[in-house]
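One is the number of the first residue; the rest follow in order along the sequence. Keep in mind that this is a model prediction, so the values were computed, not measured. Heavy atoms only: backbone and side chains are in, while hydrogens, waters and symmetry mates are out.
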Amino acid sequence: MHALESVLAQVLSTPGVLGAAVVDAVTGLTYAEAGDCGPAGSGTEVRDLAELVSDRLHEAGAWGELENVVVTGRRIQHIVQVLPRRGDAVLLSAVLDRADTNLALASRQLSEHARGLVV
């Protein structure tokens, strides 16, 4: 099994995760996707969200410090984790069912699964 597919399979095994994607942080290109990410999980949307938050952090004097973005809604939660690596960073995006998810636990598990993507 390809490394991306393996990591995404692990992410999908996290309770409450509906879908996940690995996205290039610069271009918005989706490298791999699994499950149902919906419109919140599209590559360009994920990249734009991370870029917006990162730009605001930079304006506040915190350049390069974005680790993750958490967006909560009534039914879903969306976690985007920035994974630095040689070359351009990648983003691990996960869409979660709010009713079935412990957000703190899910975030921690996603971080552990993401280690397989950092090269």
Interatomic spacing from CG in L110 to CG in L105 - rounded to 0.5 Å: 9.5 Å
Side-chain heavy atoms of S107 within contact of Q81, under 4.5 Å: yes
R85 CZ to L83 CG distance, which is reported to the nearest 0.5 Å: 9.0 Å
T27 side chain reached by D24 side chain, heavy atoms, under 4.5 Å: yes
Side chain to side chain, L103 and I79, heavy atoms closer than 4.5 Å: yes
Distance in Å, S13 OG paired with Q109 CD, rounded so as to fall on 0.5 Å steps: 7.5 Å
Sidechain-backbone polar pair: R98 side chain, G73 backbone, donor-acceptor under 3.5 Å: yes
Separation between CG of L66 and CZ of R56, rounded to the nearest 0.5 Å: 12.5 Å
Whether T101 side chain and D97 backbone form a donor-acceptor pair below 3.5 Å: yes
Under the side-chain hydrogen bond (donor to acceptor under 3.5 Å, both in side chains) test, residues paired with T44 that sit two or more places apart: none
Rounded distance (nearest 0.5 Å) linking atom CG of L18 with atom NE2 of H78: 11.0 Å
Residue of the set T30, V7, L29, L8 for which side chain to side chain contact (heavy atoms under 4.5 Å, CB included) holds with V22: L8
Exercise: identify the closest heavy-atom pair between C37 and V95: O-CG2, 3.4 Å
Rounded distance (nearest 0.5 Å) linking atom CG of D100 with atom OG1 of T14: 13.0 Å
Check: D48 and E51 side chains under 4.5 Å, non-hydrogen atoms: yes
